[in-house]
Amino acid sequence: MIVDQKPVMLTVAEKTVHTAVYTTLFFDFAIDFRPGQFVMVWLPGIDEKPYSLSYHSPTRFGITIEAKGLFSRRAADLSPGDFVGIRGPFGNGFDIISSPHTAVVAGGCGMAPLAPLVERLHPDLFFVHGARTREFILFPDRFAANRHITTDDGSLGHKGMVTDLLAAEIRRRADQGAPPFDRVYACGPEVMMHAVFTLCDAHGIPCQVSLERYMRCGFGVCGACVCSDQVVCKDGPVFDSKQLKKMPDFNRTALLKSGHAVPLSEYVSWRCL
Amino acid sequence: MDNITFLGKQLKNPLVLASGILGNNAKILERVHKAGCGLVTLKSIGPAPRDGHRNPTVIDLGGGMINAVGLPTPGYDHMDAEWQALADRDFPVNASIYGGSVAEFVKVAQFVSDQGPDFIEINISCPNSDHHGMLFGVDEKAAFAVTNAVKKVISVPLIAKLTPAAPDIGKIAKVCEDAGADAICAINTAGPGMVIDIEARTPVLAFKKGGLSGPMIKPVAVRCVYDIYRAVSIPIIGLGGVTTGEDAVEMFMAGATLVGMGSAVRYRGIHVFDLVYRELTDWLAAHHFTRDDIIGAAHNPIAGPDSTAKKSRKTP
Ligand SMILES: Cc1cc2nc3c(=O)[nH]c(=O)nc-3n(C[C@H](O)[C@H](O)[C@H](O)COP(=O)(O)OP(=O)(O)OC[C@H]3O[C@@H](n4cnc5c(N)ncnc54)[C@H](O)[C@@H]3O)c2cc1C
Ligand SMILES: Cc1cc2nc3c(=O)[nH]c(=O)nc-3n(C[C@H](O)[C@H](O)[C@H](O)COP(=O)(O)O)c2cc1C
Ligand code: FES
């Protein structure tokens, strides 16, 4: 179903606490879906914010919340039986190509929109997942796919950045004459996505990344989420290399709630994904 | 392309982007212009930084939407990058402004006028804030005072944007004309209305009440434009619920010189401007009319090709 008009009130069917920071809420509701799309989540009396669908089946979907601010803490504190308002799904989603030569790069809770994508991609994909510390590695046991983990502090996997491993793999394939990547998918902090985009671009590999901006309507009228001439909620949140090249605001500027355009560093201090 | 002269400026066609719709930066305005819009409007700019209301702020209801965004603004003096980007533009821009008092309107208007927009629109009609706007649009004395004061400090044509909440919108329009407004824009959102979620037992919008827009308010907008046309001789931007070329024809017949669209972007995408422009020209061609033939046509008791005599008006 598509419920892109008034929110529908759904009850939390099940809740999974993954780590001290990540919680998934499940809803038994059939919703149309393409990996990368998001829903607007309304907690009456509190606020309404966008969350990616991190789980999806014909009868159930889930959203995964990183508890960090006022809203996300309240959302993560909900229990089965509690009501939540949902509108969506909104946005374009990822283009899915099923090839063994794809790579997926996740940073922190950027794993949330990528997880249902990974489930639809070729199982032999190259999968890198990084985070600040092991606590911020989301879904460490969810996939059969062989995943390369990196942490900034070395508390799990390789100590360093996701782009180190991606660069090494791109080089290895070139050196060994193996087929290059057809496509790289990424979601995480915007600086990380920019690094992935730059690396891919240097090697002529198309990539798709999912951006985050402050949102109000979710369907492309209010303008709160604009990034250059793109409307992130409607034209995105997923953008490909071609589009990113024409978006000077990518990794540079974002609008605060007031509409004030600020450097990305100022904006990201309060955003995850 | 039509190449219309409106208040001394060239527009490629008579379609206008409503304030508050996608008008947050120069790049997206340029895209809307390229998508077939003759005149784009910036989101209303206010005197000081404001976050607007908490979400939900904008909800689609199917036949229209309800919103209480709450006039978020970076503040007129925190927009250097945007003014710079707009300085090199090759398309006309209407700058919408608001204030909580005549003095605030004047302060913002003076500054914004110096940034070189093609027009300044005073939003004296926003229902979504406790302290801003609407009072000026329902009270004749206040409407006169603010229009008159702003007119004195700006060097570009002035458009007054009115609310359908005025008991007699024609009177307010006339007062604005007398105070020096060069054109009227009508209407801002209707209502305010309310939507309650019966499961949550609470209004859906965080601000509880919100302005209605889109197809559900078109009859209100058409009536307002009709009333205003009878009251003033300055041009009118007809706005509210237009999503098709035929809706635009209806607005012209009520008396509009230009036709605005906002919510239509939700229902038909950014290219709604191209689509409506094509539908409009097709309709005119099929009926052997020009746009001038139909402006105000509904005010003539016998409609028809030979009886669309126009009321005499100032050339826009
Ligand atoms: C398409 C999309 C998909 C998303 N998917 C997910 C997802 O799957 N999982 C997920 O966890 N999140 C996701 N997000 C992010 C999510 O919407 C929230 O932004 C996030 O959960 C933080 O919300 P919060 O209210 O808890 O934090 P906030 O209350 O916003 O607080 C975060 C921090 O920022 C500060 N802050 C708040 N507002 C401002 C402001 N205007 N200016 C400066 N600082 C401010 C706060 O003080 C606080 O320290 C997604 C966002 C988008 C756009
Ligand atoms: C989300 C949203 C935000 C708006 N913000 C403003 C605003 O900042 N200033 C203003 O003058 N009008 C604002 N409006 C009103 C529109 O400009 C327009 O007058 C109204 O929506 C009716 O036109 P429509 O039916 O074509 O949308 C807003 C409308 C919407 C839907
Ligand atoms: S959130 Fe309103 S346009 Fe994107």
Side-chain angles (χ1 to χ4, degrees), chain A residues 2-11 40-50 70-71 82-88 90 213-235 246-249 252-263, chain B residues 18 20-32 34 42-43 45-46 48-62 65-67 69-70 72-75 78-82 85 195 197-206 213-214 262-267 269-270:
Chain A
I2 300 174
V3 286
D4 59 354
Q5 298 180 0
K6 278 192 324 175
V8 287
M9 296 307 293
L10 301 180
T11 49
M40 294 298 289
V41 177
W42 176 41
L43 302 184
I46 302 175
D47 211 327
E48 186 196 43
K49 298 209 173 192
L70 193 87
F71 181 89
D82 287 345
F83 273 112
V84 178
I86 299 281
R87 297 190 282 141
F90 296 112
R213 287 295 182 271
Y214 183 75
M215 287 180 187
R216 290 183 209 273
C217 69
F219 49 70
V221 305
C222 74
C225 67
V226 294
C227 177
S228 294
D229 71 346
Q230 296 294 300
V231 185
V232 173
C233 68
K234 177 94 195 298
D235 301 319
K246 291 186 286 186
M247 294 163 68
D249 287 352
R252 196 165 299 155
T253 309
L255 305 187
L256 295 181
K257 213 177 157 184
S258 63
H260 190 192
V262 295
Chain B
I21 309 298
L22 295 177
N24 287 38
N25 75 19
K27 284 271 179 225
I28 189 80
L29 289 177
E30 183 180 359
R31 179 171 162 202
V32 173
K34 281 195 183 132
L42 280 162
K43 173 149 188 71
I45 298 160
R50 227 180 108 87
D51 276 351
H53 299 312
R54 272 181 301 132
N55 280 336
T57 47
V58 190
I59 298 289
D60 184 23
L61 303 172
M65 44 185 128
I66 185 164
N67 92 80
V69 171
T73 183
H78 292 85
M79 296 174 55
D80 294 353
E82 237 33 78
V195 173
D197 186 279
I198 58 175
E199 303 297 333
R201 302 180 183 211
T202 178
V204 176
L205 294 180
S213 62
S263 305
V265 168
R266 157 67 171 162
Y267 301 110
I270 290 181

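So you know, we letter chains A, B, ... as the sequences are listed, proteins then strands, and number each from 1.
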Rounded distance (nearest 0.5 Å) linking atom SG of A:Cys217 with atom CG of B:Leu22: 8.0 Å
Top of A:Phe71, A:Phe83, A:Trp42 for chain B proximity - count of heavy-atom pairs under 4.5 angstrom: A:Trp42
Which of A:Met9, A:His260, A:Glu48, A:Lys234 touches chain B most, by non-hydrogen pairs under 4.5 Å: A:Glu48
Under 3.5 Å donor-acceptor pairs involving side-chain atoms of residues 220-231 of chain A, not counting sequence neighbours:
residue  : atom : partner  : partner atom : Å
A:Ser228 : OG   : A:Asp249 : N            : 3.0

Where B:Ala200 and A:Pro44 come nearest, the two heavy atoms and their spacing: CB-CG, 3.9 Å
Checking B:Leu61 against A:Lys6 for the side-chain contact (heavy atoms from CB on, under 4.5 Å) test, could you report, in this order, the C-alpha distance in whole Å, the side-chain angles of both residues, the deciding distance, and whether it holds? CA-CA 6 Å; B:Leu61 303 172; A:Lys6 278 192 324 175; 3.8 Å; yes
Say you draw a straight line from CG of B:Asn25 to OG1 of A:Thr253; how long is it, rounded to the nearest 0.5 Å? 9.5 Å
Counting only heavy atoms closer than 4.5 Å, note whether B:Pro49 contacts chain A via side chain, backbone, both or neither. neither
Determine whether A:Arg216 and B:His53 satisfy the following criterion, side-chain contact (heavy atoms from CB on, under 4.5 Å), listing intermediate values before the conclusion. CA-CA 10 Å; A:Arg216 290 183 209 273; B:His53 299 312; over 6 Å; no
Does any backbone or side-chain atom of B:Val195 lie under 4.5 Å from a heavy atom of chain A? Answer side chain, backbone, both or neither. side chain
Considering only heavy atoms, which portion of B:Met65 lies under 4.5 Å from any heavy atom of chain A: side chain, backbone, both, or neither? side chain
For chain A, the option from B:Ala206, B:Gly262, B:Gly75, B:Gly62 that forms the most heavy-atom pairs under 4.5 Å: B:Gly62
Within the 4.5 Å heavy-atom criterion, are B:Pro74 and A:Leu255 side-chain neighbours or not? no
Check the pair A:Arg87 / B:Val204 against side-chain contact (heavy atoms from CB on, under 4.5 Å), numbers first and verdict last. CA-CA 12 Å; A:Arg87 297 190 282 141; B:Val204 176; over 6 Å; no
d(A:Asp4 CG, B:Arg266 CZ) to nearest 0.5 Å is 4.5 Å
Between B:Asn55 (side chain) and A:Asp47 (backbone), is there a donor-acceptor pair under 3.5 Å? no
Whatever's closer than 4.5 Å to a heavy atom in chain A on B:Asp197 counts as side chain
Chain A heavy atoms under 4.5 Å from B:Ala81: which part of the residue, side chain, backbone, both or neither? neither
